[in-house]
Amino acid sequence: MPGILPREFYTRPAPEVAPALLGCRLVRVLDGVRLSGIIAETEAYQGEEDLACHARSGRTPRTETMYGEGGHAYIYFTYGMHWLLNAVTCPAGTPAAVLIRALLPLEGEELMRANRPNQCGTASWLNGPAKLVQALALDGRQNGTDLCDPAGGLFIENGCPVELARVRVGARVGIQSVPEPWRSMPWRWTLFSELF
DNA sequence: CGGCCGATTATCT
DNA sequence: GATAATCGGCCGG
């Protein structure tokens, strides 16, 4: 039975929330229409000590959202052209977030594909943090959105429990210049599927 | 399918 | 002034 994930789901450590989000349904309501997909890949970032986390430099205008209460969207701009979506975790005061890296299309696939004119290959149009943000028509304007309030148009619903045997754990990607042990921290979770 | 590379700008040093 | 939680086009096998 579908239900929006409650605040308590998010007010836990990111490395605990990240794998729990696999199998859940990310929903974006646009003009009353639902666009959604099953979360298939996540990464955890937590604390000023985590040198891969944006909060490594402390509290700044950009990281303010991450220092807030869990259950809000942290959407930031990178590489001069991409927006990435995260779910903030932990109680207010502790900077932590889970990066949503891939989706399996569920509702509104036609519209989501339309949002990605240059979908190169056919199989990989929704597996990538910037790709899914584009498909869901998100950008910086949704930064800070309360994921626990359906009126916000952006939330996550619980899905079917995921078997541990279907989850791959590994190191986070795109952080080559980050020193050990953070670079190799096993904080990336991927749901096995035909698409990956 | 896999590797290399250019794009493009907010954020922090 | 350097770097970035990436992507897509182009090339070779």
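Numbered from 1 within each chain, the chains take letters A, B, ... in sequence-line order.
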Inset, instruction - Examine A:Arg172 relative to A:Tyr45 and say whether NZ or CZ is less than 6.0 Å from the centre of the six-membered ring and inside a 45° cone about the ring axis. - result: yes

Inset, instruction - Sugar-phosphate atoms are those with a prime plus P, OP1 and OP2; base atoms are the rest. Using that split, label each nucleotide of nucleotides 6-13 of chain B B, S or - for protein heavy atoms under 4.0 Å, 5' to 3'. - result: -BBBSSSS

Legend entry - Distance-only donor-acceptor check, side chains A:Glu64 and A:Tyr74, under 3.5 Å: no

Legend entry - Criterion salt bridge (charged side-chain N to carboxylate O under 4.0 Å, His left out) on A:Arg28 and A:Glu107, from CA distance to verdict: CA-CA 10 Å; A:Arg28 162 75 157 151; A:Glu107 301 168 274; over 6 Å; no

Inset, instruction - Treating Ile, Leu, Val, Met, Phe, Trp and Tyr as nodes and any side-chain heavy-atom pair under 4.5 angstrom as an edge, say whether A:Leu154 and A:Phe77 lie in one connected cluster. - result: yes

Legend entry - Short N-O contact, A:Arg168 and A:Glu41, less than 4.0 angstrom: no

Inset, instruction - Would you kindly give the CZ-to-P distance between A:Arg116 and C:dT6, to the nearest whole Å? - result: 14 Å

Legend entry - Donor-acceptor contact below 3.5 Å, side chain A:Asp31 vs main chain A:Val33: no

Legend entry - Integer-rounded Å distance: C:dT6 P and A:Tyr76 OH: 6 Å

Legend entry - Sugar-phosphate, base or nothing in reach of A:Leu99, heavy atoms under 4.0 Å: base

Inset, instruction - Tell me whether the guanidinium CZ or amine NZ of A:Arg7 lies under 6.0 angstrom from the six-membered ring centre of A:Phe9 and within 45° of its axis. - result: no

Inset, instruction - Determine, using ring centers only, whether A:Tyr76 and A:His54 are less than 6.0 Å apart. - result: yes

Inset, instruction - For A:Ala130, report the nucleic acid contact type (base, sugar-phosphate, nothing); a contact means any heavy atom under 4.0 Å. - result: sugar-phosphate

Inset, instruction - Report the distance from atom CD of A:Glu43 to atom P of C:dA4, rounded to the nearest whole Å. - result: 15 Å

Inset, instruction - Select one nucleotide: of C:dA5, C:dA4, C:dT6, the one nearest the side-chain heavy atoms of A:Ser177. - result: C:dA4

Legend entry - Rounded interatomic separation in angstrom, taking CD from A:Gln176 and P from C:dA5: 12 Å

Inset, instruction - Evaluate the criterion side-chain contact (heavy atoms from CB on, under 4.5 Å) for residue pair A:Ile100 and A:Asn86; output intermediate values, then yes/no. - result: CA-CA 6 Å; A:Ile100 310 297; A:Asn86 297 253; over 6 Å; no

Inset, instruction - Whole angstrom is fine here: how far is it from CG in A:Asp139 over to P in C:dT6? - result: 19 Å

Inset, instruction - Rounded to the nearest angstrom, tell me the gap between atom CD1 in A:Ile75 and atom P in C:dA5. - result: 16 Å

Inset, instruction - Would you kindly give the CG-to-P distance between A:Leu132 and C:dC7, to the nearest whole Å? - result: 8 Å

Inset, instruction - Convert the base pairs of DNA chain B into dot-bracket notation, remembering that pairs crossing earlier ones are written with [ ] and that bases paired across to another strand are shown as |; include only Watson-Crick or G-U pairs under 3.5 Å. - result: |||||||.||||.

